[in-house]
Amino acid sequence: MNIPFNKPFLTGKEAHYIYQAVYSGKISGNGLYTQKCQSFFGEKYGFNKCLLTTSCTDALEMAAILLNIKPGDEVIIPAYTFVSTANAFVLRGAKIVFADSRSDHPGIDEDKIEELITPKTKAIVPVHYAGVACDMFKINMIAEKHGIFIVEDAAQAIDSYYKDKPLGSLGHLAAFSFHETKNIISGEGGMLVVNDPQFAERAEIIWEKGTNRSAFFRGEVDKYGWADIGSSFLPSEIIAAFLYAQLENLEDIEYRRKKIWNLYEETLKPLEEQGILKLPRIPSYASNNAHMFYVICSSLDERSALILHLKEAGILSVFHYLSLHKSPFYGSKHDGRELTMTDHYSDTLLRLPFYYELTLDQVSFICQTIYDFFKRP
Ligand SMILES: *Cc1c(COP(=O)(O)O)cnc(C)c1O
């Protein structure tokens, strides 16, 4: 058997919509399919203003520009995250202040944020790891008290909730990813959600290369020109057409992924009860969008051995982030605080194969292979 870690899922309509986009005569960005995708999010989740981008990284970069991040500003982010969460703000000259993870979840430890705030703190960027909500009540309280902005890194968090509120609706700004490793994909792709109306107009200008082109096409201004800094953040209609085919099948994709997730959990639960492994924990305020299934081993050596054992059975499992506060690029700029939980997840978290077409038999086989490793029946 050969089970990859990820396999992009095609709904079947992608090529058809791309064909339509190509032959409609409008292939550049912000056309019909872009509008359809953006409206989808507005209607389903009530997002105020959505702008498709070429990646979540781009959406985060737009957020940093919108917040006027400048040299000397501090931005608090978890050290257990993807490089882009930090890079977007470093590009504007910010100093990154890394926060540790929770002991029961790889997400940011909400109780350790406030002690990191200084008069220079401009933003907090919570990452909804594995699509599981951070405690946004706590984070928003801190932000409000100190007058700080929240940018949700919702890259993995499509169709997931904090209580009854969709992730991506809780920060001033939020960034989603449609990279081929996420639940809903367009190869590369992303989206900025603007929840705070004070940023809505400028977001569109930054998106359109610093011009007021969008307002011009709506007939709001009679000429368009250079209005602000900006860049080429919007994807072509070809990407949006692909994405729309995926969005139309969101419910089916989520249904399937949850089935896979539940079988992993149910099958591996006895190993957790015996204290051998830890499984993902979903806090009571969070929903599960089945973005990822991981196990937490008891040591780095054990995880390395388990990866090898699975590989010998044809199963590709992969660890996740390396602590950003120890990275070659940012390690020397970090303030030296130990972040023990971050290092713990960096050493022991292992992600199991997860994709739409993974069969339930394959999930059982993967679980059995893990039982074999621990020499359990
Ligand atoms: C995938 C991911 C990103 C980057 O998304 P791109 O669309 O590839 O730029 C950023 N942050 C997190 C937490 C991610 O999982």
Side-chain angles (χ1 to χ4, degrees), residues 5-6 8 29 37 41 50-65 75-91 96 98-99 101-102 105-108 123-134 136 139 150-160 162 167-168 170-171 173-193 207 231-236 239-240 242-243 246-247 257 280 286 288-294 318-325 327 329-330 342 345-346 349 351 354-355:
F5 171 67
N6 179 54
C37 292
F41 284 97
C50 303
L51 295 171
L52 289 193
T53 56
T54 49
S55 63
C56 176
T57 302
D58 267 355
L60 290 165
E61 286 177 22
M62 285 182 71
I65 295 172
V75 177
I76 298 172
I77 73 160
Y80 194 74
T81 183
F82 187 62
V83 175
S84 294
T85 319
N87 229 347
F89 297 90
V90 169
L91 272 170
I96 304 300
F98 288 112
S101 297
R102 291 165 61 122
H105 188 269
I108 193 167
I124 304 170
V125 190
V127 179
H128 304 301
Y129 185 78
V132 175
C134 299
M136 292 308 292
I139 295 176
I150 304 281
V151 179
E152 294 176 75
D153 182 336
Q156 307 171 10
I158 191 166
D159 201 48
S160 204
Y162 170 79
L167 300 187
L170 296 141
L173 299 163
F176 284 92
S177 174
F178 309 119
H179 184 264
E180 77 168 20
T181 51
K182 312 297 199 233
N183 292 22
I184 294 292
I185 62 174
S186 61
E188 303 279 353
M191 182 173 73
L192 178 75
V193 179
W207 189 58
S231 193
S232 187
F233 287 118
L234 70 173
S236 85
I239 302 274
F242 188 111
L243 180 62
Q246 294 265 315
L247 291 174
R257 293 184 74 99
N288 177 19
N289 70 348
H291 172 59
M292 160 196 321
F293 197 90
Y294 59 82
V318 286
F319 52 84
H320 214 179
Y321 307 125
L322 300 171
S323 302
L324 287 185
H325 66 294
S327 60
F329 177 64
Y330 219 80
T342 304
Y345 295 115
S346 193
L349 187 146
R351 295 177 294 160
F354 209 109
Y355 49 92

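Start at 1 and go down the list; that is how both ligands and their atoms are numbered. Numbering starts at 1 and runs along the sequence shown.
Side-chain atoms of E180 never come within 3.5 Å of backbone atoms of P8 as a donor-acceptor pair (strictly under, hydrogens ignored). Looking at N87, its side chain never comes within 3.5 Å of a backbone N or O of T57 through a donor-acceptor pair. Between the side chain of S186 and the backbone N or O of F242 there is no donor-acceptor pair closer than 3.5 Å.
Expressed to the nearest 0.5 Å, how far OH of Y80 lies from OG1 of T342 amounts to 9.0 Å. Here CG of L60 is found 11.5 Å from CZ of F176. Values are rounded to the nearest 0.5 Å.
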Measure from every N or O atom of ligand 1 to the protein's N or O atoms and keep only the pairs below 3.5 Å, writing each with atom names and distance to 0.1 Å.
| from | atom 1 | to | atom 2 | distance (Å) |
| --- | --- | --- | --- | --- |
| ligand 1 | 5 (O) | S177 | OG | 3.3 |
| ligand 1 | 7 (O) | C56 | N | 2.9 |
| ligand 1 | 7 (O) | S177 | OG | 2.7 |
| ligand 1 | 9 (O) | C56 | N | 3.3 |
| ligand 1 | 9 (O) | T57 | N | 2.9 |
| ligand 1 | 9 (O) | T57 | OG1 | 2.5 |
| ligand 1 | 11 (N) | D153 | OD1 | 3.3 |
| ligand 1 | 11 (N) | D153 | OD2 | 2.8 |
| ligand 1 | 15 (O) | Q156 | NE2 | 2.7 |
| ligand 1 | 15 (O) | K182 | NZ | 2.9 |

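Atom CZ of F319 has 12 or fewer heavy atoms from other residues, nucleotides or ligands within 6.0 Å.
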